[in-house]
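So the structure is just underneath, and the comments pick up after that.
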Amino acid sequence: MKENPVMHKVYENMKPGVLSLHGFLGDDKRDIELIIDHDAAELESAGLSPADVADGLEKIRDRALEGLGDYISLAGDLSAKADSIRGKLPCPFEHKGLFRKTVISLRGPGIDGDILFTDLGIHLIREHGFFQGKGSPFRLEPVEIAEILKKNDV
Ligand SMILES: [Zn+2]
């Protein structure tokens, strides 16, 4: 990490309390590049690309927003709701722009508790292939989310 000043800054941005309360890495001690590489390999084995996952999450988000804070039914027995939280967040990879803090909760058969994701989380997947560190409250397991998206045709 120290050899790469850009990634070092990204790593600092991802610590808890820098850009967001919990940060993006959870208790994952691996380098960010390693997390990305490992998740990319897993996702490839599930037959989807990061863009496919981001597309599916955006569809779920757009439907959830129609529910105005209540769960709304989606295809395949899934349901989702959107909770708007005030404020905006920047990308820890230092892209320009800010992302709404809206949290989407997704539930359905075979999902253990709600899966949570945000606009920034979708961006991190689409642009960076970054699903966040293990233990981060907004980490998505690539294979789990890929299977949910494939099975439910959202
Ligand atoms: Zn970015």
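Worth knowing before you read on, the calculation uses all heavy atoms, side chains too, and leaves out hydrogens, waters and symmetry mates. Both ligands and their constituent atoms are indexed starting at 1 by order of listing.
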Kindly indicate whether the side chain of P90, heavy atoms from C-beta on, has any atom under 4.5 Å from the side chain of K96.
-> no

Any idea how many protein N, O or S atoms are nearer than 2.8 Å to the Zn ion (ligand 1)?
-> 4

Does the R107 side chain pair with the main chain of S79, one donor and one acceptor, at a distance under 3.5 Å?
-> no

Any donor-acceptor pair under 3.5 Å linking the side chain of D52 with the backbone of S49?
-> yes

Are the side chain of D28 and the backbone of R30 linked by a donor-acceptor contact shorter than 3.5 Å?
-> yes

Can any side-chain N or O of D31 pair as donor or acceptor with the backbone N or O of E33 at less than 3.5 Å?
-> no

For I148, the option from K150, E144, K151 that meets side chain to side chain contact (heavy atoms under 4.5 Å, CB included) = E144

